[in-house]
Amino acid sequence: MILTHRNRRSAGDVLFQVMVTALCVLIFLIVAYPLYFVVIASVSDQSLVSTGQVTLYPKHISFFGYQEIFKDARIWTGYKNTIIYTVLGTAVNLLFTLPAAYVLSRKEFRARRFIMFAFVVTLFFNGGLIPTYLLMKQLHLTNSMWVFIIPFSVNVYNLIIARSFFEHSIPKELHEAASMDGCSHFTFFVKIALPLSKAVVSVIALYYLVAHWNDFFTGLIYIQSNSLQPLQIVLRDILLSNQVFSSGAGSGGAAGGYAQQYADQVKYAVIIVSTLPILIVYPFIQKYFEKGVMIGSVKG
Amino acid sequence: MISRSGPKLKRAAALPKARKQTVLNTFRRDYQLWIMIFPAVVVIFIFNYIPMYGIQLAFRDYSFTKGLTGGEWRGLFYFRQFFENYMFVDLMKNTVVISVATIVLSFPAPIILALLINQVRLKRAKKTLQTTVYLPHFISTVVMVGLLSVLLSPNSGIIGHLLQWLGLGDVNLLGSTKTFVPVYVLSEIWQHGGWNSIIYLAALSTVDPQLYDSAKMDGASRWQTIRYVDIPALVPTIIILFVLSMGSVLGTGFEKVFLMQNPLNLPVSEVIATYVYKIGIISSQFSYSAAIGLFNTVINFIFLFVMNMIAKRCSDISLW
């Protein structure tokens, strides 16, 4: 009796396992295939891609799209600008966020609760686009590279993640012992707290870095000059406004199939080239994700 | 307790005069902390609090000479102008439809995914699956929409071809009022569903292993284990995240809708955020668009507040 019961149950569990596996494979394909397709489409002959003959592997290898991109000055300007904004921006982000997070993790800091409250309020309430825009104008930040770096350099979510980490993962005894030896907050933060917090620093640095790299909004709202536009604005022009070639040759779908085909190849290539830097950083930081999100979810 | 009395004792011994913790004394003691937090306070004050003060623009005329707060007081004039605008109903409807559809449909996806990933026994397979499903989260909105436009194109995209092959015909998925919302929501799930599952996976990893053992002892099947052990473990996280997502019922992200807009789908894709951008930044009607923005923020806040109250009543779990 018991035996048959157990057998039946394990049969159910086998079915369950099969379903889990099938679903996982399906999800994997749904996510991975479009990404894989963009890669093979970017190096295949476009007449084959656009008629649906490229599905599993590249056909008639052609680097036309990449060649066009390398000739396109707009992309290089955008790339250069975005690299500057990202490197400088992330540095300022970390410089402002981490010390503040450390301070807010210190129980003896008198204004801790008040400042924390003032910061958290901004998560739920803000002035909105127009007052912010007019402020930037008054401060002469519009059409300036600093608008990418200074205004929103402290992200309160990231600050909370770092603060929770400092609070829970740096043993209290450590600070006591250090301060007995006459160690100041500056020294303790730089020499002890930071080296112990590599995981959280990497996660936050990644969040900031990706946010800068993918930032489209700031360029759209605050920048008029083409020489200051970040990569994402250039990408928008190429991918969505169909201004594929700087000369304007590929613009407009009505212009005919020929131009459109090559426009598509440029688009596939541009997607790869613009996303590559993030894909390179991704695997190195990936192991910290779960930790970062978990720390962030600690309430308070 | 120990950490508090430690330094204090030491202080007291070193400086007998400073036994009273006056404001000046704590400030002198903590001046380094003040220096460290100074930049963050300044940045948040200038760029978050000054614009809040600037909200009064919604009740005033904008004066190019007297600045943000110098114009004539108009009371609720600009709000009335918005409510009486022929666009009002459509804007509200589009905004609510897109965000409610996004919340309702994309909310369960990461939960199901986390439960599923949690069932994968092979370490390597699990890792590969996780790495893959997190990846799209890092693609920029511009690239994401560009990806949609090349893949969904009815005459040259692979998904366009697939639909034709399935006999669904020549649909221009990005240029139709019927398909805009489904494409928007499904691509949201595709891009962020994996990433959003991390927090649930983290919650599942904190489940006491003894619970699984006793479930097994009691003869629970794997399905029953999910039903009676895993899902209850996720409930607090689910509630918190649901309340948070309620705060954005009218907060459809600007970027993706804006980038997906074209003349063909505009009747369903014009939302409050894109309208504020067009009226305010493009046409410089600052007071009017500030009023619309404020209206939006207030509605969001009310939703968040009410949902939080309900959650508190029903489950004792709340944001504050």
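Here is the naming used below: chain letters follow the sequence lines, and residue numbers restart at 1 for every chain.
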Asks: Given a strict heavy-atom distance threshold of 4.5 Å, which part of Phe186(A) is in contact with chain B: side chain, backbone, both, or neither?
Replies: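 The answer is both parts of Phe186(A).
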
Asks: Could you tell me which portion of Leu148(B) (side chain, backbone, both or neither) has an atom closer than 4.5 angstrom to a non-hydrogen atom of chain A?
Replies: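 When you check distances to chain A, no heavy atom of Leu148(B) falls under 4.5 Å.
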
Asks: Run the side-chain contact (heavy atoms from CB on, under 4.5 Å) test on Gln232(A) and Asp215(A) for me, step by step, so that the C-alpha distance in whole Å, both residues' side-chain angles and the decisive distance to 0.1 Å come before the verdict.
Replies: CA-CA 7 Å; Gln232(A) 298 299 329; Asp215(A) 183 11; 5.8 Å; no

Asks: Donor-acceptor check, side chain of Arg222(B) to backbone of Gln119(B), threshold 3.5 angstrom: yes or no?
Replies: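 Checking the backbone N and O of Gln119(B) against the side chain of Arg222(B), a donor-acceptor pair under 3.5 Å is found.
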
Asks: Between Ile233(A) and chain B, which part of the residue has a heavy atom less than 4.5 Å away: side chain, backbone, both or neither?
Replies: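 Neither part.
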
Asks: If I measure from the heavy atoms of chain B, does Phe16(A) come under 4.5 Å with its side chain, its backbone, both, or neither?
Replies: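 Side chain only.
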
Asks: With a 4.5 Å cut-off on heavy-atom pairs, point out which of Ile292(B), Leu122(B), Val43(B) contacts chain A the most.
Replies: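 Of the candidates given, the most pairs with chain A belong to Val43(B).
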
Asks: At a 4.5 Å cut-off on heavy atoms, which part of Val156(A) comes close to chain B: side chain, backbone, both, or neither?
Replies: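 The side chain, not the backbone.
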
Asks: Among the options Val54(A), Val210(A), Leu220(A), pick out the one with the most heavy-atom pairs lying under 4.5 Å from chain B.
Replies: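 Going by pairs under 4.5 Å, I would pick Leu220(A).
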
Asks: Under 3.5 Å, side chain of Asn214(A) to main-chain N/O of Phe138(B), donor-acceptor pair present?
Replies: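 Looks like yes, one N/O pair under 3.5 Å.
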
Asks: Counting only heavy atoms not in Tyr36(A) (residues, nucleotides, ligands), do more than 12 fall under 6.0 Å from its OH?
Replies: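 Result for OH/Tyr36(A): enclosed.
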
Asks: Measuring heavy-atom distances to chain A, does Ser287(B) have an atom under 4.5 Å in its side chain, in its backbone, in both, or in neither?
Replies: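 Ser287(B) has no heavy atom closer than 4.5 Å to chain A.
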
Asks: Any donor-acceptor pair under 3.5 Å linking the side chain of Asn196(B) with the backbone of His192(B)?
Replies: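 Side chain of Asn196(B) to backbone of His192(B): a pair is present.
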
Asks: Flag the pair Leu141(A) / Phe47(B) as yes when at least one side-chain heavy-atom distance between them is below 4.5 Å, and no otherwise.
Replies: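 Yes, their side chains come closer than 4.5 Å.
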
Asks: Does any heavy atom of chain B fall under 4.5 Å from the side chain of Ile30(A), the backbone, both, or neither of them?
Replies: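 Interface part for Ile30(A): both.
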
Asks: Counting heavy-atom pairs under 4.5 Å to chain B, which of Ala118(A), Ser153(A), Ala32(A), Ala41(A) comes out on top?
Replies: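 Looking at each option in turn, the highest pair count goes to Ala118(A).
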
Asks: Quick check on Tyr49(B) against chain A: is it the side chain, the backbone, both or neither that has a heavy atom closer than 4.5 Å?
Replies: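 Just its side chain gets close to chain A.
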
Asks: Between Ile44(B) and chain A, which part of the residue has a heavy atom less than 4.5 Å away: side chain, backbone, both or neither?
Replies: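 Just the side chain, heavy atoms under 4.5 Å.
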
Asks: What part of Phe37(A) lies closer than 4.5 angstrom to a heavy atom of chain B: side chain, backbone, both or neither?
Replies: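 Only the side chain of Phe37(A) comes within 4.5 Å of chain B.
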
Asks: Measure Ile282(B) against the heavy atoms of chain A and call it side chain, backbone, both or neither at under 4.5 Å.
Replies: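 Looking at Ile282(B), nothing touches chain A.
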
Asks: Between the side chain of Asn155(A) and the main-chain N/O of Tyr157(A), is any donor-acceptor distance below 3.5 Å?
Replies: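 Confirmed, Asn155(A) side chain pairs with Tyr157(A) backbone.
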
Asks: Take the angle between the ring planes of Tyr133(A) and Tyr222(A) and call it parallel below 30°, perpendicular above 60°, tilted in between.
Replies: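 Parallel: the ring planes of Tyr133(A) and Tyr222(A) meet at under 30°.
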
Asks: Is chain B contacted by the side chain of Thr275(A), its backbone, both, or neither, given a heavy-atom distance below 4.5 Å?
Replies: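 For Thr275(A), the side chain is the part near chain B, not the backbone.
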
Asks: Name the region of Leu206(A), side chain, backbone, both or neither, that has any atom closer than 4.5 Å to a heavy atom of chain B.
Replies: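 The side chain, not the backbone.
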
Asks: For Leu113(B), is it the side chain, the backbone, both, or neither that has a heavy atom closer than 4.5 Å to a heavy atom of chain A?
Replies: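 The answer is the side chain of Leu113(B).
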
Asks: In terms of the angle between their ring planes, are Tyr102(A) and His185(A) parallel, tilted or perpendicular, with boundaries placed at 30° and 60°?
Replies: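 Aromatic pair Tyr102(A)/His185(A) classed perpendicular.
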
Asks: For Tyr282(A), which atoms come within 4.5 Å of any heavy atom of chain B: side chain, backbone, both, or neither?
Replies: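 For Tyr282(A), the contact with chain B is made by the side chain alone.
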
Asks: Please indicate whether Tyr33(A) has more than 12 foreign heavy atoms, meaning atoms of other residues, nucleotides or ligands, lying under 6.0 Å from its OH.
Replies: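 Above 12, so yes.
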
Asks: Tell me, side chain or backbone of Met19(A) under 4.5 Å from chain B's heavy atoms, or both, or neither?
Replies: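 Neither part.
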
Asks: Tell me, for Ile50(B) versus chain A, whether the close heavy atoms (under 4.5 Å) come from the side chain, the backbone, both or neither.
Replies: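 Only the side chain of Ile50(B) comes within 4.5 Å of chain A.
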
Asks: Say whether Lys267(A) and Ser149(B), considering side chains only, have a donor N or O and an acceptor N or O under 3.5 Å apart.
Replies: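 On atom types as modelled, these side chains do not qualify, holding no pair under 3.5 Å.
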
Asks: Counting only non-hydrogen atoms closer than 4.5 Å, does Ile35(B) touch chain A with its backbone (N, CA, C, O), its side chain (CB onward), both, or neither?
Replies: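 Only the side chain of Ile35(B) comes within 4.5 Å of chain A.
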
Asks: For Ser289(B), is it the side chain, the backbone, both or neither that has a heavy atom under 4.5 Å from a heavy atom of chain A?
Replies: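 For Ser289(B), heavy atoms of backbone and side chain both lie under 4.5 Å from chain A.
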
Asks: So for Tyr277(B), is it side chain, backbone, both, or neither that comes closer than 4.5 Å to the heavy atoms of chain A?
Replies: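 Looking at Tyr277(B), backbone and side chain both touch chain A.
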
Asks: Contact part of Val38(A) toward chain B, heavy-atom cut-off under 4.5 Å: side chain, backbone, both or neither?
Replies: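 For Val38(A), the contact with chain B is made by the side chain alone.
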
Asks: At a heavy-atom separation under 4.5 Å, does Leu129(A) approach chain B through its side chain, its backbone, both, or neither?
Replies: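 The side chain, not the backbone.
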
Asks: Heavy-atom distances under 4.5 Å only: say whether Phe125(A) touches chain B with side chain, backbone, both or neither.
Replies: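 Looking at Phe125(A), backbone and side chain both touch chain B.
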
Asks: Against chain B, label Ser274(A) side chain, backbone, both or neither, depending on which of its atoms sit under 4.5 Å from a heavy atom there.
Replies: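 Side chain of Ser274(A) only, per the 4.5 Å heavy-atom cut-off to chain B.
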
